[in-house]
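The model shown is predicted, which means the values in this text are computed figures rather than measured ones. Atom set for the values below is all heavy atoms of this structure, side chains included, hydrogens, waters and symmetry mates excluded. Heads up: numbering here begins at 1 and tracks the sequence.
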Amino acid sequence: MDTTALRGAYDRLLDVAAGPDLGDAADGGWNADRILAHLLSVDAAAAAVALGVGAGSRPTFDNRISLDTWNLDRIVAEHTGRADLAGHVRSQAAVLCDIADLLNEEAAAVLVPSLLLSNGALVLDQPIPLEALSDGLATDHVPGHTQQLLDLRVAVPGRT
């Protein structure tokens, strides 16, 4: 599987996450730390699925645990700050991509029963090819959270 786009999406996200000017969401939504914790949870689940497919099992992907606020707060608390959290996201994303890079076309085509929720709404409840899971992270999920981080930027005098 080609993970070039996914690696690029993570590079962009982590550049934004490194900014010192990330405040809280105006709507009371997730702050930068919770967004990063969510990504850690999703990446761990996706890597487990990819490893399972590589091992010949037929795992499922369910993102509900990565939306659970208790779980996200637990993940945040396990890190010494945003830089530590972002560093873990970087290494976990690399692990996910490294696993995916090793999978052949047959593994990429394996259907993975998937349950995806977003903002309390059902987004997907059907099997999708493993490659589509990776592609969705690269084209939708990670860029969406990058935008979410950009939306957390606070006004800094002199910044354009």
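Residue L36 holds its CG atom at 9.0 Å from CG of L22, rounded to the nearest 0.5 Å. Here CG of D33 is found 9.5 Å from CG of D73. Values are rounded to the nearest 0.5 Å. Residue T60 holds its OG1 atom at 13.5 Å from CG of L111, rounded to the nearest 0.5 Å. In this structure, the separation between OG on S66 and CG on L117 is 9.0 Å, given to the nearest 0.5 Å.
If you check the side chains of R74 and N71, you find a donor sitting under 3.5 Å from an acceptor. The closest side-chain donor-acceptor pair between T4 and D2 falls under 3.5 angstrom.
Residue L13 comes nearest to V142 through the heavy atom pair CD1-O, 3.7 Å, listed as atom of the first residue, atom of the second, then distance. Shown here for R90 and L14, the closest heavy-atom pair between the two residues is NH2-CB, 3.3 Å. Closest approach of V76 and R34 over heavy atoms only: CG2-N, 4.2 Å. Across E78 and D84, no two heavy atoms sit closer than the pair O-OD2, 4.5 Å.
Below 30°, between 30° and 60°, or above 60°: for H38 and W30 the angle between ring planes is between 30° and 60°, a tilted geometry.
Atom CG of N104 is surrounded by more than 12 heavy atoms from other residues, nucleotides or ligands within 6.0 Å. Other residues, nucleotides and ligands contribute at most 12 non-hydrogen atoms within 6.0 Å of the CZ atom of R12.
Residues F61 and I99 do not share a hydrophobic cluster, defined by chaining ILVMFWY side chains whose heavy atoms lie under 4.5 Å apart. V95 and L40 are not part of a single hydrophobic cluster, where members link through side-chain heavy atoms under 4.5 Å apart.
Each of T3, D43, D15, T146 was checked for a side chain to side chain donor-acceptor pair (under 3.5 Å) with Y10, and the lone residue meeting it is D43.
In this structure D125 satisfies the salt bridge (charged side-chain N to carboxylate O under 4.0 Å, His left out) test with no other residue, sequence neighbours excluded.
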